[in-house]
Number of protein chains: 4
Amino acid sequence: MIITLDFESKDAIYTQIIQQVIIGIAKGKLQPNDPLPSVRSLASDIGINLHTVNKAYQQLKQDGYILIHRQKGVVIHPDGVKKADSAYIESLKQTLKPIMAEAVCRELKEEELISLYKEVLHEFKKGDG
Amino acid sequence: MIITLDFESKDAIYTQIIQQVIIGIAKGKLQPNDPLPSVRSLASDIGINLHTVNKAYQQLKQDGYILIHRQKGVVIHPDGVKKADSAYIESLKQTLKPIMAEAVCRELKEEELISLYKEVLHEFKKGDG
Amino acid sequence: MIITLDFESKDAIYTQIIQQVIIGIAKGKLQPNDPLPSVRSLASDIGINLHTVNKAYQQLKQDGYILIHRQKGVVIHPDGVKKADSAYIESLKQTLKPIMAEAVCRELKEEELISLYKEVLHEFKKGDG
Amino acid sequence: MIITLDFESKDAIYTQIIQQVIIGIAKGKLQPNDPLPSVRSLASDIGINLHTVNKAYQQLKQDGYILIHRQKGVVIHPDGVKKADSAYIESLKQTLKPIMAEAVCRELKEEELISLYKEVLHEFKKGDG
DNA sequence: GTGGTCTAGACCACT
DNA sequence: GTGGTCTAGACCACC
């Protein structure tokens, strides 16, 4: 699992780590029980502060993506993430709303958007691999 | 045009104003040349500082959504927004990637996602009158 | 002499009037002793406030471009404008400096700039006509 | 990099900061990746409010001159500014028009103007090292 | 009345 | 320490 950071992004470093782990899981590159690097080694590898990595891991643990064992280290959660519930669906809609609104204002057609959407989606093969 | 704010949101207030204006345009509720409330009156109406409204308006102006006439006030840009170019398409994909990745991890099926996506999209009727 | 205004310009209306009169003189379209419309008629023609036209005319008078006779109306100054002195030259340099700096940053070559510069200059034929 | 302000100038303070940074880049005094002072330290150094500096920096960022890292501070953009396009060329002509018109009215000859122009230009050595 | 600018002071997230 | 955001209050130019 390679984490690549964009230090010029508006997203915080810890947010980028979280996103990349989630993307890794969605792509099937990270399977349940797969180990993740320790806080210390990941921080060292990508040249950032321990606290930053720790914050990302704590958030991932909180969201059910990973398990943190004191001795055994960090692994992808064996049971997977909790499934989408109605609250999540609603928040997803609210997230997509302004993004889609801008796309509509820029005159992207529905077919173009659906196509672009599927293109992004098909990078993810969780369960296929 | 009604602006509703969520003061508990993690999105900045000025960001929420921007999004609501863009959504208003996408829905066709705000048409080219429609006036927007003045900085002072909007700030007063929604109970925030005029600088916060001004920041939102400046950003909307920068992105081509509105025109700001020094004395005459603010109107929706008569020529519409600049169309989607390849740079925008790419940034849109990058924006969608982590959102979709989470949805995939939560085991939303492609059909469910496309359906949800269309549901959001069909709130917008720009061009339909 | 036709005055065309851009109500979306960042320049004030009265500034635009001033500039257009000066450009008219530089182009030779406005010759010494040529009459200008009265404050009242110009304001009416272009649909703006009397005060705005008056402010422009007062400034033009102040700078020696025009004469305002109480009864005879407004005419281009018969003696021309006061010539460039060292103070003017210096202020002109300071004005050009940031404009040229931006052009250099955008990698316009010296030949391109000189060419562009001459192109603008050759619109003006004062003394040729 | 020394920023000097003219508090009597008609140009806004934040505009003067922007211009001085652009001039610094054009002169080659500010190279890609060179750090700029933090918002707070520059504000303190030149005795103005940090918001005024921030406004200048935000504009410079918007125009592609600098990058603002959330924690690491501000640097000159490593990739340079976006090159001159036809829209820029047109706006440059419109900017020069009234300036040149006044110069012509003051009977500056073409040779004098070109000479003055080159004098300003030759202060800038971007690319010469 | 409008937006443009500047100041002053505060709290927050991130590293 | 950094920038990001928000508030509060002031003065200005323009119309």
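Model, not experiment: these values are computed from the prediction. To find a chain, count down the sequence lines: A is the first, B the second, and so on, and within it residues start at 1.
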Going 5' to 3' through nucleotides 6-15 of chain F and flagging B where a protein heavy-atom sits under 4.0 Å of the base, S where only the sugar-phosphate is that close, and - otherwise, we get BBBB----BS
With [X], which residues qualify under side-chain hydrogen bond (donor to acceptor under 3.5 Å, both in side chains), at least two apart?
X: B:Thr4; answer: B:Gln20
X: D:Asp45; answer: none
X: B:Gln58; answer: none
X: C:Glu90; answer: C:Gln94

Pairing residues for [X] by the side-chain contact (heavy atoms from CB on, under 4.5 Å) criterion, not counting sequence neighbours:
X: B:Pro37; value: B:Ser41, B:Leu42, B:Tyr57
X: D:Gln16; value: D:Leu5, D:Asp6, D:Ser9, D:Asp11
X: C:Thr52; value: C:Ile13, C:Tyr14, C:Ile48, C:Asn49

In whole angstroms, how far is the [atom2] atom of [N] from the [atom1] atom of [X]?
X: B:Gln58; N: E:dG3; atom1: CD; atom2: C1'; value: 8 Å
X: A:Gln16; N: E:dT15; atom1: CD; atom2: P; value: 9 Å
X: D:Leu67; N: F:dT2; atom1: CG; atom2: P; value: 18 Å
X: B:Gln62; N: E:dG3; atom1: CD; atom2: P; value: 18 Å
X: A:Lys10; N: E:dA13; atom1: NZ; atom2: P; value: 17 Å
X: D:Leu60; N: F:dG3; atom1: CG; atom2: C1'; value: 15 Å
X: B:Glu8; N: E:dC12; atom1: CD; atom2: P; value: 14 Å
X: B:Leu42; N: E:dG1; atom1: CG; atom2: P; value: 17 Å

Just to confirm, is there a sub-4.0 Å distance from OP1 or OP2 of E:dG4 to any side-chain nitrogen or oxygen of B:Asn54?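 Yes, within the criterion.
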Minimal non-hydrogen separation, B:Val21 against B:Ile76, with atom names: CG1-CD1, 4.5 Å
Main-chain N/O of C:Lys10 paired to B:Arg70 side chain as donor or acceptor, under 3.5 Å: yes
For DNA chain F, the expected dot-bracket line (Watson-Crick or G-U under 3.5 Å, [ ] crossing, | inter-strand) is ||||||||||||||.
